[in-house]
Chemist: 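Below you'll find the structure I mean.
The sequence lines fix the lettering, A, B, ..., with proteins before strands; numbering per chain opens at 1. Keep in mind the model is a prediction, meaning the values are calculated, not measured.
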Amino acid sequence: MPFTLATWNINSVRLREPLVCQLLEQESPDVLCLQECKSPVDKIPLEAFRALGYTHIVARGQKGYNGVAILSKQPIRDMGDQDFATLGHARHVAAELENGVTIHNFYVPAGGDVPDRAVNEKFGQKLDYLSDMRDWFRAEPPRKAILVGDLNIAPREDDVWSHKALLKVVSHTPIEVEALAETQSAGAWVDITRQDIPEGQLYSWWSYRARDWDAADKGRRLDHVWATPDISSAAHGSRVLRAARGWEKPSDHAPVFATFDL
DNA sequence: ATGGCTTGTATAACAAGA
């Protein structure tokens, strides 16, 4: 049975409960993975999501920051979480569908402003988080798995509005792009979004600070959908719902979709 | 070139985002 999956950095699931509901009603994905819920699990507005048919939920949360959740129409099994870089943050959770596919939902640290771990501890934590992911995938090669989330890195030149302007900006520096590539290859992960949309500028995040985000279009592709090679050929139909960035009181990220015939 | 905005929280200015 085909199933459609979406990933969305929601930037407060409580504040944007109506937008989550709008997405669920309008697009009806089978699974929605959220990041930056900024809420303890027991304060996520689950009843609203249950009422729309998303009765199965696996989540990790903390007060104020981070937080990840997987909402599903079909039963999912909680497969635990990883605390990479030992930050004590709610940045990962995994769930297994009844067809045996495992979904990893990640929120990789943003990394602060200065791309130098000697002067910016947060940048070091981001690199440590990525190398711990890499080591984990090397130790336990994933199979029949999908990895989604806000990875906070735009790897390709056409994943940012200006490659040259962003070379020293955290999210697109060569050291981050290399770290992400090592993590990706450690799990043999296929970039499903770029498998489906191989050419052209593609973004999933636009800063709140732009006067007119749509016209300026200074975006970055920070949100990703990856899959292991045993299921990557089942994927199709990837898209970014750019319109959601223009909804009232929006998240600064747009949802990214993919469909798998499995 | 710079500054620009938005969130949650010890509800007044922070920190954090990226």
Chemist: Which part of the nucleic acid, if any, lies within contact of A:H172, taking any heavy atom under 4.0 Å across all strands shown: a base, the sugar-phosphate backbone alone, or nothing?
Modeler: nothing
Chemist: Between A:D230 and A:K144, does at least one N-O distance fall below 4.0 Å, as a salt bridge requires?
Modeler: no
Chemist: OP1 or OP2 of B:dT2 sitting under 4.0 Å from any side-chain N/O of A:R209?
Modeler: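 False: A:R209 side-chain N/O out of range (4.0 Å or more) of B:dT2 OP1/OP2.
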Chemist: With DNA chain B as reference, determine whether A:G111 or A:L15 sits nearer its 5' end, using the nearest nucleotide of each.
Modeler: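 Upstream on the strand: A:L15.
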Chemist: Under 6.0 Å between the ring centres of A:W161 and A:H172?
Modeler: no
Chemist: A:K63 has an atom NZ; how far is it from atom P of B:dG8, in whole Å?
Modeler: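 Whole-Å distance recorded here is 13 Å.
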Chemist: A:W213 CH2 to B:dA18 P: how many Å, rounded?
Modeler: 17 Å
Chemist: Which nucleotide in the set B:dT7, B:dG8, B:dG17 lies at the smallest distance from any side-chain heavy atom of A:E36?
Modeler: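 Shortest atom-to-atom distance from the side chain points to B:dG17.
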Chemist: Under 4.0 Å, heavy atoms only, any strand: does A:N9 hit a base, just the sugar-phosphate, or nothing?
Modeler: sugar-phosphate
Chemist: Output the rounded distance in Å from CG (A:N11) to P (B:dA15).
Modeler: 18 Å
Chemist: Could you tell me whether A:Y208 and A:W213 have their ring centroids closer than 6.0 angstrom?
Modeler: no
Chemist: Within this structure, what is the CZ-to-P distance between A:R245 and B:dT6, rounded to whole angstrom?
Modeler: 9 Å
Chemist: Using atom C1' of each nucleotide, how far apart are B:dA10 and B:dC14 to the nearest Å?
Modeler: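 B:dA10 and B:dC14 have their C1' atoms separated by 11 Å.
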Chemist: So A:F123, base contact, sugar-phosphate only, or nothing? Heavy-atom distance under 4.0 Å.
Modeler: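 No contact at all - A:F123 keeps every heavy atom at 4.0 Å or more from the nucleic acid.
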Chemist: Within less than 4.0 Å of OP1 or OP2 of B:dG8, is there a side-chain N or O belonging to A:S12?
Modeler: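 Yes, A:S12 has a side-chain N/O under 4.0 Å of OP1/OP2 on B:dG8.
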Chemist: Classify the ring geometry between A:W136 and A:H92 as parallel (under 30°), tilted (30 to 60°) or perpendicular (over 60°).
Modeler: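 Perpendicular: the ring planes of A:W136 and A:H92 meet at over 60°.
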Chemist: Applying a 4.0 Å non-hydrogen cut-off, can you work out what A:D113 is touching in the nucleic acid: base, sugar-phosphate, or nothing?
Modeler: base
Chemist: Starting from C1' on B:dG8, measure out to NE2 on A:H89 and report it in whole angstrom.
Modeler: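 Answer to the nearest Å: 15 Å.
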Chemist: Consider the side chain of A:D150, meaning its heavy atoms from C-beta on, and name the nucleotide among B:dA16, B:dA18, B:dA10 that approaches it most closely.
Modeler: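 Shortest atom-to-atom distance from the side chain points to B:dA18.
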